[in-house]
Amino acid sequence: MPELPEVETIRRTLRPKLAGLKFTGVRIYLPKVIAAPAPEHFTAIITGKKIIDLQRRGKYLLFGLTGGYTLIVHLRMTGSMVYREKTGPSSKYTHVVFYLDNGSRLFFADLRQFGRLWLLPVGSPDGPPGLKNLGPEPLDKSFTREIFEKKLHCRRTRIKPLLLDQSFIAGLGNIYADEALHRAGISPEHPANTLTHRETTRLYRAIRDVLQEGIKNRGTSVRDYIDGEGRAGRYQEMLRVYNREGQSCLKCGNQIARRKIGNRSSYYCPACQK
DNA sequence: ATGACGTCCTGCCTGC
DNA sequence: TGCAGGCAGGACGTCA
């Protein structure tokens, strides 16, 4: 599942390859993945546009194009964006192929077909609602411990579902939320507004640490995730709770548990997460 | 504000 | 061995 570290890794692998290239065309095999505009307009608009830069916001990839347009991509769970110079093996999960003016191609593939693309003028109201309502970037300098604490204190909900709420904080998904809570020693069911000053500090650091470690290790490839060059990440080898139900906690030795919290499965250590 | 639930979709796992 | 059914999951809309 591409979360912040995976999307950031894709951005870093794609940006040097794509910057300055021009789209010469696009082939859409599964029209429904184009959220906006209508596929025929999408094709017409993107052809001839040059890629100026590639940014990330939360789990969104933002391709800055000439003419004031942005190509917005959300990979959801199994989406990928891979750059290839030569024609590679294209799978049945490839839904969009972008042709570039150096002869290379950019492939959007997605097994579960949940990922979506938008091609819109900057500031258009037709973008994904989630992007407009996105919370702060956890790795940004402006996201301070004080701001985090303030935001936590006015929410009574359990901490795990809150960390997954993209309008509260951007970029965390199930894997990194569980890892951060374990690292901070906080139960996923702990109410947000009753976290102590020390717990808040630990959680703030844990969130930033796990995200940075994820990026350093080029992302987590539990199943499908690959970067912009088609390569898997390494962080799955370093996970301490996610996907480790029944195995022993690397901190205290007790068994890692798994249960549904807010309709999402959570992995945690009942002994050392309070 | 909060939570529950359905929707999208396919591969994989379990149970018979 | 084969098949049916359930499960997982990110965002988002709807409803209570």
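Values reported hereafter were calculated over all heavy atoms of this structure, with side chains retained and with hydrogens, waters and symmetry mates removed. The sequence lines fix the lettering, A, B, ..., with proteins before strands; numbering per chain opens at 1.
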Nearest whole Å is fine: how far is [N] [atom2] from [X] [atom1]?
X         : N       : atom1 : atom2 : result
Arg258(A) : dC7(C)  : CZ    : P     : 11 Å
Asn193(A) : dA1(B)  : CG    : P     : 14 Å
Asn263(A) : dG6(B)  : CG    : P     : 9 Å
Arg264(A) : dA4(B)  : CZ    : P     : 12 Å
Glu245(A) : dA8(C)  : CD    : P     : 10 Å
Tyr176(A) : dG9(C)  : OH    : C1'   : 16 Å
Leu164(A) : dC12(C) : CG    : P     : 14 Å
Phe168(A) : dG10(C) : CZ    : P     : 18 Å

Does [X] put a side-chain nitrogen or oxygen below 4.0 Å from OP1 or OP2 of [N]?
X         : N       : answer
His74(A)  : dA11(C) : yes
Tyr93(A)  : dG11(B) : yes
Lys260(A) : dA4(B)  : no
Tyr242(A) : dG9(C)  : yes
Arg155(A) : dT2(B)  : yes

Just to be sure I understand the rule, does [X] reach a base, reach only the sugar-phosphate, or reach nothing, if contact means heavy atoms closer than 4.0 Å?
X         : answer
Met77(A)  : base
Tyr267(A) : nothing
Asn174(A) : sugar-phosphate
Arg116(A) : nothing
Thr78(A)  : nothing

Taking atom types as they are modelled, is there a donor-acceptor pair under 3.5 Å from the base of dG9(C) to the side chain of Arg76(A)? no
Counting side-chain heavy atoms from C-beta on, which of [options] comes nearest to [X]?
X         : options                  : value
Pro128(A) : dG10(C), dC12(C), dG9(C) : dC12(C)
Gln113(A) : dT10(B), dG10(C), dG9(C) : dT10(B)
Phe114(A) : dG9(C), dT10(B), dA4(B)  : dG9(C)
Thr157(A) : dC8(B), dA8(C), dG3(B)   : dG3(B)

Close side-chain approach of [X] and [Y], heavy atoms under 4.5 Å:
X         : Y         : answer
Tyr268(A) : Leu181(A) : no
Lys59(A)  : Arg76(A)  : no
Phe114(A) : Thr78(A)  : no

Does the side chain to side chain contact (heavy atoms under 4.5 Å, CB included) test come out yes or no for His182(A) and Cys269(A), once each step is laid out? CA-CA 7 Å; His182(A) 177 260; Cys269(A) 173; 4.1 Å; yes
Nearest heavy atoms of Gly219(A) and Thr9(A), plus distance in Å: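 In terms of heavy atoms, the two residues are closest at N-OG1, 3.9 Å.
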Looking only at heavy atoms, the pair that brings Pro138(A) and Ala170(A) closest together is CD-O, 3.0 Å
